[in-house]
*Asks:* 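Questions regarding the structure given below will be posed in turn.
What's counted below: heavy atoms across the whole structure, side chains too, no hydrogens, waters or symmetry copies. Throughout, protein chains are lettered first and strands after them, A, B, ... in sequence-line order, and every chain is numbered starting at 1.
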Amino acid sequence: MNEFRPPTTFEQKVYDALHLIPKGKVTTYRALGEYISCRSAQAIGQALRRNPMASGAPCHRVVKTDRTIGGFSGQSDGEPVMRKKRLLESEGISFQEDGTIPEEQCYFFDD
DNA sequence: AGATTGACTAACC
DNA sequence: AGGTTAGCCAATC
């Protein structure tokens with residue numbers, strides 16, 4: 001059975017930042033990383049993937065820096081990513097024909 | 001303690 | 001346009 005590992009300080013920061021994202025917006029791995037003073041977007045991705053929904057964080061609101069969908073639920077493509085996309089659309093996020101999200105819908109922790 | 005992994009990114013070829 | 005390399009950094013092996 002799943003053994004829960006207490007979240008690390010780093011992960012706490014990631015989750016906290018996620019909660020700051022307004023509904024109807026997304027952020028990027030990098031913007032999130034800058035917010036918590038981490039220059040590795042990869043480490044952000046790791047924090048998210050290592051954490052199941054136990055954190056209660058809206059982990060679907062994080063996309064890649066090029067504003068494409070990015071991964072979800074441990075996968076970079078496939079069904080989980082489809083779910084992520086649907087989830088974002090249901091929250092008001094729109095996707096352009098090239099698969100990117102308009103910059104106006106991105107939240108970069110400007111405030 | 002060192003090597004590997006990875007929901008990343010940018011630069012290079 | 002698509003593959004490889006390099007940089008990044010926390011968690012895991």
Side-chain angles (χ1 to χ4, degrees):
Chain A
M1 203 26 200
N2 288 334
E3 301 193 26
F4 293 97
R5 185 233 332 131
T8 64
T9 304
F10 179 75
E11 287 162 349
Q12 287 280 344
K13 287 188 196 171
V14 173
Y15 308 143
D16 183 56
L18 289 183
H19 289 298
L20 300 178
I21 307 169
K23 183 175 184 240
K25 297 220 171 193
V26 296
T27 194
T28 65
Y29 294 102
R30 189 204 286 192
L32 219 166
E34 289 184 8
Y35 179 69
I36 64 175
S37 301
C38 172
R39 287 170 302 133
S40 176
Q42 191 140 45
I44 303 297
Q46 285 295 39
L48 297 180
R49 100 169 290 279
R50 301 265 180 212
N51 278 283
M53 41 232 147
S55 62
C59 44
H60 56 276
R61 293 186 189 160
V62 188
V63 299
K64 303 210 303 185
T65 296
D66 63 2
R67 301 201 307 282
T68 52
I69 183 81
F72 194 58
S73 191
Q75 298 184 202
S76 307
D77 46 55
E79 298 268 344
V81 176
M82 291 293 167
R83 276 194 281 109
K84 177 176 177 179
K85 183 174 178 185
R86 249 183 283 127
L87 199 44
L88 289 174
E89 285 174 333
S90 75
E91 291 190 350
I93 301 297
S94 62
F95 289 82
Q96 299 172 122
E97 293 181 29
D98 62 355
T100 66
I101 293 168
E103 190 176 328
E104 306 81 56
Q105 298 182 9
C106 294
Y107 178 65
F108 292 106
F109 299 93
D110 290 317
D111 51 17

*Asks:* Quote, to the nearest angstrom, the P distance that separates C/dT5 from B/dT4.
*Replies:*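 Here C/dT5 and B/dT4 have their P atoms 16 Å from each other.
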
*Asks:* Could you pull out all residues at least two apart from A/Glu89 that satisfy salt bridge (charged side-chain N to carboxylate O under 4.0 Å, His left out)?
*Replies:*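 Expected list: none.
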
*Asks:* Grab the two heavy atoms, one from A/Phe10 and one from A/Ala43, that are nearest each other, plus how far apart they are.
*Replies:* CE2-O, 3.5 Å

*Asks:* If you look only at pairs with a residue in residues 40-97 of chain A, which of them pass as a ring pair (Phe, Tyr, Trp, His ring centres under 6.0 Å), with sequence neighbours excluded?
*Replies:* none

*Asks:* Any pair with a residue in residues 37-57 of chain A that passes salt bridge (Lys or Arg N to Asp or Glu O under 4.0 Å), sequence neighbours left out, goes on the list, sorted by first then second residue, please.
*Replies:* none

*Asks:* Can you tell me how far P of B/dT9 sits from CG of A/Leu32, to the nearest Å?
*Replies:* 11 Å

*Asks:* Please tell me if the side chains of A/Leu18 and A/Leu32 come closer than 4.5 Å, counting only heavy atoms from C-beta onward.
*Replies:* yes

*Asks:* Would you say a side-chain N or O of A/Arg5 is under 4.0 Å from OP1 or OP2 of C/dT12?
*Replies:* yes

*Asks:* Can you sort out which residues in residues 34-49 of chain A have a heavy atom within less than 4.0 Å of DNA chain C? Ascending by number, please.
*Replies:*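 Contacts with DNA chain C under 4.0 Å: A/Cys38, A/Arg39, A/Ser40, A/Gln42, A/Ala43.
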
*Asks:* Not counting sequence neighbours, which residues clear side-chain hydrogen bond (donor to acceptor under 3.5 Å, both in side chains) with A/Arg83? List them please.
*Replies:* none

*Asks:* Restricting to non-hydrogen atoms, name the atom on A/Lys84 and the atom on A/Val62 that form the minimum distance, rounded to 0.1 Å.
*Replies:* NZ-O, 2.7 Å

*Asks:* Quick test of your reading: applying side chain to side chain donor-acceptor pair (under 3.5 Å), list the pairs with at least one residue in residues 19-29 of chain A, sequence neighbours left out, ordered by first then second residue.
*Replies:*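 For residues 19-29 of chain A, and leaving out neighbouring residues, there are no side chain to side chain donor-acceptor pair (under 3.5 Å) pairs at all.
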
*Asks:* Hydrophobic clusters here meaning ILVMFWY residues chained together by side-chain heavy-atom distances under 4.5 Å, can you tell me if A/Leu88 and A/Leu48 are in one?
*Replies:*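 In one cluster: no.
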
*Asks:* Does A/Phe109 have any ring-ring contact (aromatic ring centres under 6.0 Å, His included) partners at least two apart in sequence or in another chain, and if so, which?
*Replies:*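 Here the qualifying residues are A/Tyr35, A/Tyr107.
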
*Asks:* With side chain to side chain donor-acceptor pair (under 3.5 Å) as the rule and sequence neighbours excluded, what pairs involving residues 66-79 of chain A come up?
*Replies:*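 Output for this query lists A/Asp66-A/Thr68.
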
*Asks:* Please give me every residue in residues 92-104 of chain A whose heavy atoms get under 4.0 Å of an atom in DNA chain B, ordered by residue number.
*Replies:* none

*Asks:* Check the interface with nucleotides 2-4 of chain B: list each N/O to N/O pair with the protein under 3.5 Å, or write none.
*Replies:*
none

*Asks:* Starting at atom CZ of A/Phe10, determine the distance to atom C1' of B/dG6, rounded to an integer number of angstrom.
*Replies:* 12 Å

*Asks:* Of all the heavy-atom pairs spanning A/Gly71 and A/Val81, show the shortest one and how long it is.
*Replies:*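 So the minimum-distance heavy-atom pair works out to CA-CG2, 4.1 Å.
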
*Asks:* Test: side chain to side chain donor-acceptor pair (under 3.5 Å). Region: residues 93-102 of chain A. Which pairs qualify, not counting sequence neighbours?
*Replies:*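 Of all non-adjacent pairs touching residues 93-102 of chain A, those that pass side chain to side chain donor-acceptor pair (under 3.5 Å) are A/Ser94-A/Gln105, A/Gln96-A/Thr100, A/Asp98-A/Thr100.
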
*Asks:* Expected output is a numbered-order residue list: members of residues 64-88 of chain A with a heavy atom under 4.0 Å from any atom of DNA chain B. What is it?
*Replies:*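 Heavy-atom cutoff 4.0 Å gives A/Lys64, A/Thr65, A/Gly71, A/Phe72, A/Gly74, A/Gln75, A/Ser76.
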
